[in-house]
Amino acid sequence: MCRIPFEQLPDDIRQAVADKVGSVYAARTVRGGMNSGIASVLETESGSVFVKGIPTDHPQAGAQGREAAIAPHLPASCPRLHWHLEVDGWSLLGYEVVDGRHADYTPGSPDLPLVEATLAELQQIKAPADIEIKDATDRWAEYAPLGTAHYFGGDALLHTDFAPDNVLITGGRARLVDWAWPTRGAAWIDPGALALRLMEAGHPLESAVAFAGRFVSWRDAEPTALAAFGSATAALWREVAAADGSPWKLNMAERAAALSDFLAGGR
């Protein structure tokens, strides 16, 4: 999505933000991420705030709505959402500023214990019953082998995208960001999603799966459920790579296939 500076928004939208935060003294556009038309850190009368926004008629607007709805239910490792505005065709979220760097997933990185602690915290959170979010059974049904989608069901709150861009390291902790796809499902899904990202960062397959095994949910999962996860993940990445043959997507498809083969062997 084309990103524009905050100061280029129409006057009435900027005024609506000012009504929330007071006078805006400075705005700095954040370059990371792909799904926000506005992503700026504002220095304001009431302090710093990170504002991300999207036109309300954009296909990703629904994802931002889910992100706003789930925010009050997230664990402490996630940045706090201060406010949500919809004004003149824009949806804007005002977040706590997290001044950190992206997590380093490479083998031996000191960030890995911090990421583990953050995921362990999330594993204790149940998905709220009164909010309409994605269900893991539905999300993976078309990719999972016939008759296995039920394994993905559960009541845990899942993030599902542990790309290092979504984990910021600051103050000796890992902060999990970008909740565009909150999902209700089996708790072991997130450790599995993290394992694939560890493989992307250079971990041998067995080591990545062993890292997932640090979580009780993964250790307690049925081998047939983990095999279904591996198969569904491989099918998903095959589709992604077929639609866009970027080298990193092709590499992810290869890693997902290797993970699927490993889990199919009951390991």
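As a basis for the values below, the full set of heavy atoms in this structure was taken, side chains included, without hydrogen atoms, waters or symmetry mates. The structure displayed is predicted, hence computed values, not measured ones.
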Would you please say whether a donor-acceptor pair under 3.5 Å links the side chains of H150 and T137? no
Please tell me if the side chains of P191 and S217 come closer than 4.5 Å, counting only heavy atoms from C-beta onward. yes
Same apolar cluster: F215 and L196, side chain cutoff 4.5 Å: no
Where do E121 and I125 come nearest, in terms of heavy atoms and distance? O-CG1, 3.8 Å
What I want to check is whether the side chains of E239 and Y143 have a donor and an acceptor closer together than 3.5 Å. yes
Apply side chain to side chain contact (heavy atoms under 4.5 Å, CB included) to V209 and F262, showing your working. CA-CA 9 Å; V209 174; F262 185 84; 3.9 Å; yes
Audit row: I133, L157, side chain to side chain contact (heavy atoms under 4.5 Å, CB included) steps and yes/no: CA-CA 10 Å; I133 59 176; L157 177 62; 4.2 Å; yes
Test L119 against every option in D190, V167, L176 by the side chain to side chain contact (heavy atoms under 4.5 Å, CB included) rule and name the one that passes. D190
Do the side chains of L122 and L194 join up, straight or via other hydrophobic residues, at under 4.5 Å, putting them in one cluster? yes
Are R66 and W181 in a cation-pi contact, defined as NZ or CZ under 6.0 Å from the six-membered ring centre and within 45° of the axis? yes
Check whether any side-chain heavy atom of H102 lies under 4.5 Å from a side-chain heavy atom of L168, and answer yes or no. yes
Hey, is R184 close enough to D135 for a salt bridge, meaning N to O under 4.0 Å? no
Do Y151 and T224 pair up side chain to side chain, a donor and an acceptor below 3.5 Å, judged on atom types alone? yes
Check the hydrophobic clustering (I, L, V, M, F, W, Y; side-chain heavy atoms under 4.5 Å; chains of links allowed) and say if V98 and V21 are grouped together. no
Starting at CZ of R28, measure out to CZ of F50 and round the result to the nearest 0.5 Å. 9.5 Å
Assess the side chains of R173 and T118: does a donor N or O sit below 3.5 Å from an acceptor N or O? no
Decide if atom CD of Q8 counts as having more than 12 heavy atoms of other residues, nucleotides or ligands within a radius under 6.0 Å. yes
Please tell me if the side chains of R139 and F152 come closer than 4.5 Å, counting only heavy atoms from C-beta onward. no
So for atom NZ, which belongs to K249, do other residues, nucleotides or ligands contribute more than 12 heavy atoms lying within a distance under 6.0 Å? yes
Using the side chain to side chain contact (heavy atoms under 4.5 Å, CB included) rule, take Q123 and V216 through it: C-alpha gap first, then chi angles, then the decisive distance, then the call. CA-CA 9 Å; Q123 292 268 285; V216 174; over 6 Å; no
Taking the side chain as everything from C-beta on, heavy atoms only, tell me whether F6 gets closer than 4.5 Å to L42. yes
Can you name the nearest heavy-atom pair linking E96 to C78, along with the distance? OE1-O, 4.4 Å
Shared hydrophobic cluster, I189 / L263 (ILVMFWY, side-chain heavy atoms < 4.5 Å): yes
Determine, stepwise, if the pair T170 / R101 fulfils side chain to side chain donor-acceptor pair (under 3.5 Å). CA-CA 7 Å; T170 182; R101 57 175 175 80; over 6 Å; no
In terms of relative ring orientation, are F229 and W188 parallel, tilted or perpendicular, with 30° and 60° separating the classes? perpendicular
Between W179 and V177, does the side chain to side chain contact (heavy atoms under 4.5 Å, CB included) criterion hold? Intermediate values first, please. CA-CA 6 Å; W179 279 86; V177 303; 5.9 Å; no
Are F162 and V240 co-members of a hydrophobic cluster defined by side-chain heavy atoms under 4.5 Å apart? no
Testing the 3.5 Å rule here: is there a donor-acceptor pair between the side chains of D11 and Q15? no
Using every non-hydrogen atom in the two residues, find where A221 and L226 come nearest and quote the distance to one decimal. CB-CD2, 3.7 Å
D161 to H159 - nearest heavy-atom pair and separation: O-CE1, 2.9 Å
Salt-bridge contact E7-R14 (side-chain N to carboxylate O under 4.0 Å): no
Measuring from atom CG of D111 to atom OG1 of T106, what distance do you get when rounded to the nearest 0.5 angstrom? 8.0 Å
What closest approach, in Å, do L112 and G108 show between heavy atoms, and which atom pair accounts for it? CD1-N, 4.2 Å
Applying side chain to side chain donor-acceptor pair (under 3.5 Å), can you list everything that pairs with E200, at least two apart in sequence or on another chain? R197
Check this for me, if you would: do E67 and K52 make a salt bridge, where the nitrogen-to-carboxylate-oxygen distance has to be below 4.0 angstrom? yes
